[in-house]
Amino acid sequence: MVKKVILDVDTGSDDAVAIMFAALHPGTELLGVTTVNGNVPLVNTTDNSLRVLDHIGAGEVGVHAGLSRPLVRHDFPAPKRFVRDSDRDMHGTELPLPAPTSRAHPLGAVEYIVQTARALPGEVTLVPVGPLSNIAAALAVAPDLVELVPEVVVMGGAHQFGNETPAAEFNIWADPEAADMVLSAGFAKLTLVPLDATHQALVSLADVERLAGLGTPAGEAAAKLVQRRISAYAAAGATGRDDAAPVHDALCTAYLVRPEVISTRPVHVTVETRGDRTVGRTVMDLRSGTTAVPNCDVAFGADAALFNQLLLETFAHRRGQAGSEP
Ligand code: RIB
Ligand code: CA
């Protein structure tokens with residue numbers, strides 16, 4: 001069954017790969033893209049999302065701009081772990097794609113999410129791969145979202161190691177109060193894809209060559225974006241390899257069509273919203289015999305070979321091309 005998807009993004013190089021995947025895979029119908037402050041300011045996450053969709057000929061997919069700051073905090077953007085547009089920046093303020101010809105939809109992200117979920121009860125999968133500000137705001141104005149949306153797939157969190165801080169992964173750290181609201185909202189199924197899984201699904205320079213060799217707009221863009229990620233991760237020494245990098249957000253879209261690309265276990269997860277050094281940490285109750293009721297299916301493993309195969313198969317498609325199920 002084709003999954004109807006709203007992708008909530010802070011585009012961002014890995015968000016861009018996720019957008020292309022959801023727009024091109026025949027197993028997903030990308031209903032709309034909602035943008036949020038995160039990797040870059042909202043004006044850029046919106047502009048970058050439009051660039052990506054235009055580039056692959058999917059300019060008809062609506063892009064809805066959302067929150068330009070976290071729900072509660074006034075101190076964002078805070079100092080980042082790398083200097084914007086430096087060799088350690090795996091995104092860049094503007095993605096290296098032509099300026100968009102499409103424009104953002106006048107309906108805001110929060111309104112769009114609520115209206116679409118209410119119009120299609122039980123049918124929309126929400127996939128937030130940036131800070132959770134839009135989803136939390138949508139929950140605040142429409143608590144019925146919890147009943148309307150059968151599954152939420154979140155890229156965020158970390159158990160073994162953080163990236164923004166030793167304790168915290170960026171998406172959760174960037175709006176911890178929003179993340180706490182979403183994780184504790186009571187969605188029937190919430191799949192959390194943390195760094196523990198995404199760092200097992202690296203894309204290598206050899207994979208980049210294969211993507212570039214597809215000769216499609218998506219293959220070429222993915223190759224360029226992932227190449228930059230690999231250089232930035234190598235400059236930062238962030239993976240212990242200089243020839244491969246995680247493409248976090250795309251692992252969530254791959255999961256939509258091939259759930260076995262990750263391996264999960266049910267866990268009770270809360271978000272630290274207070275500690276100076278630990279703010280944004282996803283606290284996972286992995287104690288044996290815990291009585292805490294799981295609220296997330298947390299991915300602790302990922303199949304890198306399958307992930308790369310899915311990227312390659314999906315980006316072989318051109319928009320509008322009649323193709324067989326990859
Ligand atoms: O920590 C990884 C996440 O932070 C990804 O969603 C990436 O796009 C960055 O925003
Ligand atoms: Ca992201």
Side-chain angles (χ1 to χ4, degrees), residues 5-22 33-42 44-49 51-52 63 66-67 69-70 76-78 80-82 84 88-95 109 126-135 152-176 178-179 182 191-203 222 225-226 228-230 232-233 236 238-239 245-255 262 271 279-282 298-299 302 307:
V5 174
I6 296 176
L7 199 54
D8 187 69
V9 292
D10 61 330
T11 317
S13 54
D14 56 334
D15 306 75
V17 181
I19 291 172
M20 294 193 292
F21 193 99
V33 169
T34 52
T35 60
V36 67
N37 169 58
N39 285 318
V40 286
L42 180 71
N44 300 109
T45 63
T46 305
D47 177 82
N48 284 338
S49 302
R51 282 174 194 241
V52 174
V63 174
L67 271 69
R69 43 155 285 195
F76 195 98
K80 297 273 302 177
R81 62 190 184 279
F82 50 76
R84 177 68 52 215
R88 289 182 175 213
D89 179 359
M90 72 283 289
H91 304 288
T93 305
E94 286 184 351
L95 292 185
L126 262 185
V127 186
V129 295
L132 288 155
S133 324
N134 287 342
I135 313 302
V152 183
V153 183
V154 174
M155 190 284 126
H159 180 62
Q160 230 186 337
F161 53 87
N163 57 8
E164 185 62 36
T165 72
E169 180 278 332
F170 174 78
N171 288 343
I172 306 296
W173 172 88
D175 196 342
V182 173
T191 302
L192 187 68
V193 182
L195 298 178
D196 306 72
T198 62
H199 276 256
Q200 292 177 45
L202 302 185
V203 179
L225 295 167
V226 177
R228 180 181 181 137
R229 295 183 65 78
I230 293 172
Y233 272 83
T239 56
V247 186
H248 314 280
D249 299 344
L251 188 59
C252 293
T253 47
Y255 160 78
I262 55 174
V271 176
V279 68
R281 176 156 185 85
T282 41
V298 180
F307 178 54

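For ligands, and for the atoms within them, numbers begin at 1 and follow the listed sequence. Here the structure is a predicted model, which is why all the values come from computation and not from measurement.
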**Q** Need the ligand 1 atom indices (1-based, order shown) with element for anything under 4.0 Å from a heavy-atom of Asn171.
**A** 3 (C), 4 (O), 5 (C), 6 (O), 9 (C), 10 (O)
**Q** What do you reckon, does Val129 have a nitrogen or oxygen under 3.5 Å from a nitrogen or oxygen of ligand 1?
**A** yes
**Q** At less than 4.0 angstrom from any non-hydrogen atom of Asn39, what atoms of ligand 1 do you find?
**A** 7 (C), 8 (O), 9 (C), 10 (O)
**Q** Going from NE2 on His248 to CG on Asp15, what distance comes out if it is rounded to the nearest 0.5 angstrom?
**A** 10.0 Å
**Q** Could you tell me if the side chain of Glu169 sits less than 4.5 Å from the side chain of Arg281, heavy atoms only?
**A** no
**Q** How far does CG of Asn39 sit from CG of Asp10, to the nearest 0.5 angstrom?
**A** 4.0 Å
**Q** Which atoms of ligand 1 are found less than 4.0 Å from any heavy atom of Met155?
**A** 2 (C), 3 (C), 5 (C), 6 (O)
**Q** Please list, in number order, the atoms of ligand 1 under 4.0 Å from a heavy atom of Asp14.
**A** 5 (C), 6 (O), 7 (C), 8 (O)
**Q** Distance under 4.0 Å to a non-hydrogen atom of Glu169: what atoms of ligand 1 satisfy this?
**A** 1 (O), 2 (C), 3 (C), 4 (O)
**Q** So do the side chains of Met155 and Thr191 get within less than 4.5 Å of each other, counting heavy atoms only?
**A** no
**Q** What is the minimum heavy-atom distance between Thr35 and Ser49, and which atoms define it?
**A** CG2-OG, 3.6 Å
**Q** Counting from 1, what ligand 1 atoms have a heavy atom of Asp15 closer than 4.0 Å?
**A** 8 (O)
**Q** Distance-only, no hydrogens or angles: does the Asp8 side chain make a donor-acceptor pair with backbone N or O of Leu132 under 3.5 Å?
**A** no
**Q** Mind checking the OG1-CG spacing from Thr45 to Asn37? Nearest 0.5 Å is all I need.
**A** 7.0 Å
**Q** What distance do Met20 atom CE and Leu225 atom CG have between them, rounded to the nearest 0.5 Å?
**A** 6.0 Å
**Q** Output the list of atoms in ligand 1 that are nearer than 4.0 Å to some heavy atom of His248, sorted by atom number.
**A** 2 (C)
**Q** Does any part of the side chain of Arg84, heavy atoms only, come nearer than 4.5 Å to the side chain of Val40, both counted from C-beta?
**A** yes
**Q** How far does OG1 of Thr282 sit from CG of Leu192, to the nearest 0.5 angstrom?
**A** 6.5 Å
**Q** Test your reading of the structure: does Asn163 have an N or O sitting under 3.5 Å from an N or O of ligand 1?
**A** yes
**Q** Ignoring waters, how many N, O or S atoms from the protein are under 3.0 Å from the Ca ion (ligand 2)?
**A** 5
